[in-house]
Amino acid sequence: MSKPIVATASLAGCFGCHMSVLDIDDRILQLIELVDFNKSPITDIKTFTQPCDIGIIEGGCCNSENIEVLKDFRKNCKILISLGECAIMGGLPAMRNGIPVRECLEEAYFGGVTVRDNTERIIPNDEELPIILDKVYPLHEIVKIDYFLPGCPPRADLIWEAVVALVTGNELKIPYELIKFD
Amino acid sequence: MQKVTIEPVTRVEGHGKVTIHLDDNLNVAQTRLHIVEFRGFERFVQGRPYWEAPVLVQRLCGICPVSHHLAAAKALDVIVGAGTGHGLTATGEKMRRLMHYGQMFQSHSLHFFHLSAPDFLLGYDSDPATRNVVGLAVKFPELATKAVLMRKFGQEVIHFTAGKKIHGTGAIPGGINKNLPIEERDILLKGADPLNIDTMIQWAYDAVQLFKDYYMNNKEFVDNFAHFPSNHFSLVRKDGALDFYHGVLRAVDAEGKRILDDVDYQDYNHYIEEEVRSWSYMKFPYLKHIGKENGWYRVGPLARLNTCDFIPSKLAQQEFELYKAHTNGKPNNYCLHTHWARLIELLHAGEVIKELLLDPDLQKDDLVIKGTKLHKGVGLIEAPRGTLFHHYEINDNDQITLANLIVSTTNNNEPMNRSVNYVAKKMMTGQSQITEPMKNAVEIAIRAYDPCLSCATHAMGQMPLDIKLFNVNGEIVDHYRS
Ligand code: SF4
């Protein structure tokens, strides 16, 4: 039987969740034995080349591009996992949700102490830049999510146990201390 | 007119992409590295109590969270009246240093082995399907294991000083919330092989030799790759030594002339300004007294070894002297020599960690200092990727009223753009077909700067790549996916 296929992505996250995956340390070498990777920062595959079994996503949705990537993952993965606080609840980036986007932009590009020369009042706006959403959205508000792994970032052991349980079909046994938000 | 898009290149505070415009004669007319994500931290942190900053702001970047954690804490030291740098207790300052040099150790190993080594050891034009750390593990299993364990060691240092490997809580305004008990120290100092500091220093030393060997055999390629003059900027210790945690501002020009020296970073905004360009969310900093045109500079390992006078540890200083001799003591402006500089820094970080582990100050209990409160504080640090600026102001209710951040990768915005331009011109001029190695070459140029967040995008392999060639009407005429 062929190995289960895993895809991963980072949307509006800090990449700390992906770093926590690396914190499984030498078990990475076992992981490579257990699963194959498709679209993910750990491979060269930018667009899905085949249907995947598990999609793991870090970060919420803060711009139009995040939404496209997320929908693409839902379409191509049997199981979708929200990895970490940002994916589950928006996380730190969602602290802007109570504030109009324009105010955030003006603070960064007009208000900055070191920006003194922006006399034309330029706010970055180019066809190459995706559209910023009014708020940062958790993943399950956009598509159906099957599992949630909490933490900021989730502990490496939690990620390891969860992936092994899913792949082997064994029941997930994790100590209480591993399941926590920060 | 044709347009080539490389997307996503990388994450640098989000995703980045490159667009390259070729005119009708297939000359490169314009290149841009766009940073396509925006967070708004400067605004939404307003109103929060100041002591939250060190734990909030690190969540902008999980790749070098310790740097943000400490830069924010250093700014808050000033606010709580503990002064800058040496104002803390010996235990406070040394615990933070240990945390930071641990971070340097893990980040530099991660970058070199997981990210860049595949380009060097497997070849930048080798098969993209295996040109990643998995391919490396198959061909050089011993090296791959070392890479994983060196990163693990650095993460353990962070774990013991910050309480957690990622997004810890160790630094607090005016000091630190724990010391290093002898049992924890011994795990790092005398752990069973290979996870102890002596083996780590040896492996770091081996890594420097590995790069030098590669360089000797590929001089042509390394020296002719995105080589252009620039200014260089960093913190240096008061006496001119390399220091990642604290110091004064120094900048040199491409010839080595000091254009900024011995400046207290509390006044950074008298010296640095940023330009806003419509096509990128990332701003473009420059030295104010030189101006937008010529005042841009590089930061990071290459810049640091150009600004400092010496490295205060034995093995790294020996390597530094060999490295400096290569450019006759003049600043090094070779983009790919950044890797060489980074590995010398890795070795130095290992040596400093050992020195700190042997220091009995780390077991003392005097952790925090407080003084008369101020309303403004600036914290600077040399993050793995270069100088990181944090500036906060607060009101009488202890709420943040102003935050200004200039992150390392932002400081490298202009040089990264120039490197992209340099390589695109060299590889793509006159070419009607864009090949995979040409595009990877553009990425290697960006990768040399180890742009933050992006490094993780290809932490275990290559940055995913999508290049499109457009005609004048915006129709796709060629599409290549890696
Ligand atoms: S949950 Fe935490 S570690 Fe993960 S992306 Fe968000 S801020 Fe980073």
Side-chain angles (χ1 to χ4, degrees), chain A residues 10 12-20 22-23 25-26 28-29 32 37 39-47 62-63 65 85-86 91-93 95-99 101 103-109 111-118 120 122-126 128-130 132 152-153 156 182, chain B residues 11 14-15 17 19 32 34 36-40 42-45 56 59-63 65 110 128-129 131-132 134 137 145 148-149 151-152 155 165-167 269 272-281 283 285 292 391 402 404 406 453 456-462 464-466 481-482:
Chain A
S10 174
C14 77
F15 248 95
C17 289
H18 271 78
M19 288 289 112
S20 201
L22 288 187
D23 279 339
D25 298 325
D26 20 346
I28 287 169
L29 304 172
I32 297 170
F37 286 93
K39 178 179 161 73
S40 164
I42 71 165
T43 69
D44 281 357
I45 304 167
K46 189 193 170 286
T47 41
C62 78
N63 64 29
E65 189 201 20
E85 155 107 10
C86 294
L92 173 109
M95 283 177 68
R96 78 162 163 87
N97 283 6
I99 302 164
V101 179
E103 269 185 44
C104 293
L105 289 163
E106 288 184 355
E107 183 65 22
Y109 300 106
V113 191
T114 32
V115 185
R116 264 161 302 190
D117 212 20
N118 193 4
E120 295 161 48
I122 297 171
I123 286 181
N125 178 14
D126 191 276
E128 304 294 348
L129 304 175
I132 301 176
C152 176
D182 254 41
Chain B
R11 289 178 59 86
H15 290 93
K17 70 172 166 188
T19 52
R32 282 172 172 177
H34 308 264
V36 301
E37 204 168 298
F38 173 80
R39 292 280 163 75
E42 294 92 338
R43 173 64 188 84
F44 69 65
V45 77
L56 283 182
R59 287 174 165 88
L60 289 176
C61 172
I63 293 152
L110 176 78
R131 192 183 55 214
N132 56 43
V134 178
T145 310
V148 169
L149 294 179
R151 178 174 180 279
K152 178 181 166 128
Q155 291 290 83
K165 289 180 175 176
I166 298 166
H167 301 332
N269 58 333
I272 306 285
E273 278 185 357
E274 293 175 287
E275 186 189 348
V276 180
R277 297 186 196 163
S278 62
W279 45 269
S280 179
Y281 282 119
K283 292 178 260 192
K292 269 185 219 175
H391 168 185
L402 177 149
N404 192 40
I406 307 178
L453 296 209
T457 303
H458 46 293
M460 287 179 67
Q462 290 300 302
L465 195 63
D466 185 351
R481 281 187 185 139
S482 58

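Excluded from the calculations below are hydrogen atoms, water molecules and symmetry mates; all remaining heavy atoms, backbone and side chain alike, are included.
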Applying a strict 4.5 Å limit to non-hydrogen atoms, the region of B/Glu273 in contact with chain A is both
The single option from B/Glu274, B/Arg277, B/Glu275 that satisfies side chain to side chain contact (heavy atoms under 4.5 Å, CB included) with B/Lys283 is B/Glu274
Turns out that what part of B/Lys152 lies under 4.5 Å from chain A's heavy atoms comes down to both
Residue list, side-chain hydrogen bond (donor to acceptor under 3.5 Å, both in side chains) with B/Glu42, at least two apart or on another chain: none
Contact origin within A/Leu92 toward chain B - heavy atom pairs under 4.5 Å: both
Sort B/Asn404 into side chain, backbone, both or neither according to what part of it lies under 4.5 angstrom from a heavy atom of chain A. side chain
Between A/Glu107, A/Glu106, A/Glu103, which is the residue that forms a salt bridge (Lys or Arg N to Asp or Glu O under 4.0 Å) with B/Arg43? A/Glu103
Give, for atom CE of A/Met19 and atom CD of B/Gln155, the distance between the pair rounded to the nearest 0.5 Å. 8.5 Å
